[in-house]
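The structure under discussion appears below in the form of structure tokens.
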Amino acid sequence: MIQKKICLLGATGVGKTSLVKQYVEGIFSEKYLTSIGVKIDKKQIETAKQTVQFMIWDIEGIDRYCGFQAKYLRGASAFIIVTDHTRSQSLVEGLEILEMVKEVTDVPGVLAINKSDLPASWHWSETELEEIKQGFRQFFNTSAKTGEGVETMFSYLAHVLTE
Amino acid sequence: MAHSNEQQPNKPDTEQMQKIRELVLGKDGQHVKQALEENARELVAEVVSEALHDREKRDGSVKKVLLPLVEKSIEKSVANNSEKFVGYLYPLVGSLVRKSVAAFITELLEKTNTLMENSLTIEGLTWRFKAWQSGVTFSQYAASQTFAFRVEQVFLIHRETGLLLNSVSLGLELEADADMVSSMLTAINDFVSDSFTAKMNSPQQNLDVVRTDNFTLLLKKGPKASVVAAITGNMPQGVANQLQQTLEEIHKLYDKELDNFNGDSVPFNESEHQLRDCLMTVLKSAKKPPKRPWMAWSLVLLLLIGCGFLLTKRWQSHELMNHVSQIDNAPGILLTNLDTAGLEKIRLEVLRDPAAQSVQEWLQQQSIDSSRVILKERAYLSLDPLLIKHKAELVVARYPNISLEWVGNLPKFKGKSSNLKKLRLQGELAKLPGLIFNATLLDDLIIEGTENKAANDPELIRAILDLNIAKIERISIAFEPARSDLSESALEKLIEITQQLNNLIEVAEQQELSLGLIIMGASDTVGSASFNKELSQKRADNVKLKLQELGVATSRLNAIGLGVIELKTSKEGARKVLFNVVYFGGG
């Protein structure tokens, strides 16, 4: 078994915590998020080669007014930035986060476009989106409600990190 | 050509060599083979052990070949000689069973002891109550109370990623989800160091100890890894030192592995040995000696003492019963029942002749504590020769001048006595049941004072006379209805009367007394009064005649016919001749 640290990032209210809630094992309550700004869960993924255990650092919602705990990224093997396609602002913030992350690490990152069960209502053209997606290794349409894309995203990461 | 030229002389050489070889070695090396075959046994025997050893060392194939063979041989041997194998194994099995039983008992004792220590002591009960009160399990509470401190779990955490490299624990319930805890600890540490680092360039703050009421997290950070210990109880400095030491060792040993860590914790599996050193446990009170199952032992000891006590008491009672049962041999005491009563006492039931030694006295004589004997005694009359002798001796003891000796069961009296005393003694002895006695046995006594003293004492003489007179007066002669002739038995009685009377006359004459015998005839109511009067007279006359014949002087005899004596109880009772002795003073 191989262990990997993954960071889950995103603006406040994009549904990071809800997204992984049903797919992970956790012993810590959500109050940790507001108290120390991070909560740890774990998730095991079986790849063809071996088992990968992700230690998922769910980092408190980041917005432009609050600082960014760069230290939480240390030692991470990958990161996920979650956005909400019903709020244009969430992608802007997501991009800001990506900028900040790139400053401290160059590990692969994926984009999760969340709330895919709802119709998209952000004002981004396809070309703009394509450009944004270039900054990521991969992107996934996900839904915390239906569970769409979540397993696929983790499997992708497991695959990438064990290559 | 040159090539073929060179080959040319070679060819015959080879052939020659072949021939020589054939001559020396025989066809296909037959000579050698034969020689080898002849000595094969010796040759192989020389090297067989070494060869086996070498081959086994080289590729281990000997074992593989031999193993199935040996297994099969043993199987066959066991099947064929099972009796023998039973014989071989018997002593081994015995000792094995003994060992395992001993181990079982030891374990049981320890378990019992633990159970008792935890459950039966007041402390244990208090703990149970407190554990229930504070909502933790008893074992957790007991652990927190028993140990001054105990390192429950130790984590080795990769510094950079916060991933868990290895963890060891005591295997208790407190064990937490180690990988998540280690990540979270890293996060918390990051949070603390970020939050409280005042200036950018000031040295980084690190979490060192996290402490709650009864629980401590001790963190030691190295450049590449951290060691975290979860400790219950009050942690001494020693643990921190041990953690530091372990951390340094791990950095030394796993320097490269820590640098190249990619999430695979397998290379760190061996670090368990170092981490185990940190699992320290110290019991609360140092005065507690190494644990011995003393409670269980004392229980066993108590039981043994109890059993021993009961057995001793039982044995003592038994001894006492044996001793007391000897009372049956005492004259005049008959043992009817002997039983234990309670722990110490015994119940004794006897029949005792009142003349015999008292039971209390006997017990005292045997130096038996009479308070341990519950006595139930009933009186009876013993014919035990010993007791009869004793009774006779008691009687004789009242006569100071007379001594008693025994010839077998026959008493022999010696000494001096007056006639009166002799008579009294005779009377008393005759009353003793079971004593072989008649008056002649007293004949050896020297009668003193009969000639002088007694002769001068008319009262004494009278007493003797009265005694002898009474003897005569007790005799009566019976007759058939309407008959006056004397029967055989009547004759015998008359002879006795004659003797007694002669004795009496002798004494009476000495005392100058005149003595006579009145013979009174009587008849029953059948018939007329005149006939009966006549019949009674005739009966008296016949007796008188017979006495005269026997030599009694007529002057002393007086026959009277009384006629009918009416006795309502019986008709027969009146057909008799009765006697009355009379004497008068010499005046």
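Scope of the values below: all heavy atoms of this structure, side chains included, with no hydrogens, waters or symmetry mates. Lettering of chains follows the sequences in order, A, B, ..., and the numbering in each one begins at 1.
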Check: Do you know the tightest heavy-atom contact between A/Lys43 and A/Val24?
Finding: CB-CG1, 3.9 Å

Notebook entry, point to check: Looking just at side-chain N and O atoms, do A/Glu128 and A/Ser125 make a donor-acceptor pair shorter than 3.5 Å?
Noted result: yes

Check: Among side-chain atoms of A/Gln44 and A/Thr51, is any donor-acceptor pair under 3.5 angstrom?
Finding: no

Item checked: From B/Gln133 atom CD to B/Thr126 atom OG1, the distance as rounded to the nearest 0.5 Å -> 11.0 Å

Margin query: So for A/Gln53, is it side chain, backbone, both, or neither that comes closer than 4.5 Å to the heavy atoms of chain B?
Written below: side chain

Check: With only heavy atoms counted, which part of A/Met1 is less than 4.5 Å from chain B, the side chain, the backbone, both or neither?
Finding: backbone

Next item on the list: Kindly indicate, with the supporting measurements, whether the criterion side-chain hydrogen bond (donor to acceptor under 3.5 Å, both in side chains) is fulfilled by B/Asp179 and A/Gln3.
Entry: CA-CA 10 Å; B/Asp179 39 18; A/Gln3 296 185 84; over 6 Å; no

Note to self: Strictly less than 4.5 Å between heavy atoms, which residues of residues 247-264 of chain B line up against chain A? Please order them by number.
What the structure shows: B/Asn262, B/Gly263, B/Asp264

Donor-acceptor check, side chain of [X] to backbone of [Y], threshold 3.5 angstrom: yes or no?
| X | Y | result |
| --- | --- | --- |
| B/Ser183 | B/Gly162 | yes |
| A/Asn114 | A/Val82 | no |
| A/Ser88 | A/His123 | yes |

Note to self: Can you list everything that forms a ring pair (Phe, Tyr, Trp, His ring centres under 6.0 Å) with B/Phe129? Sequence neighbours excluded, please.
What the structure shows: B/Trp132

Next item on the list: Please list, chain by chain and in numerical order, all residues satisfying salt bridge (charged side-chain N to carboxylate O under 4.0 Å, His left out) with A/Glu103, sequence neighbours excluded.
Entry: none

Check: Who in residues 137-146 of chain A is close to chain B, using a strict under-4.5 Å heavy-atom cut-off?
Finding: none

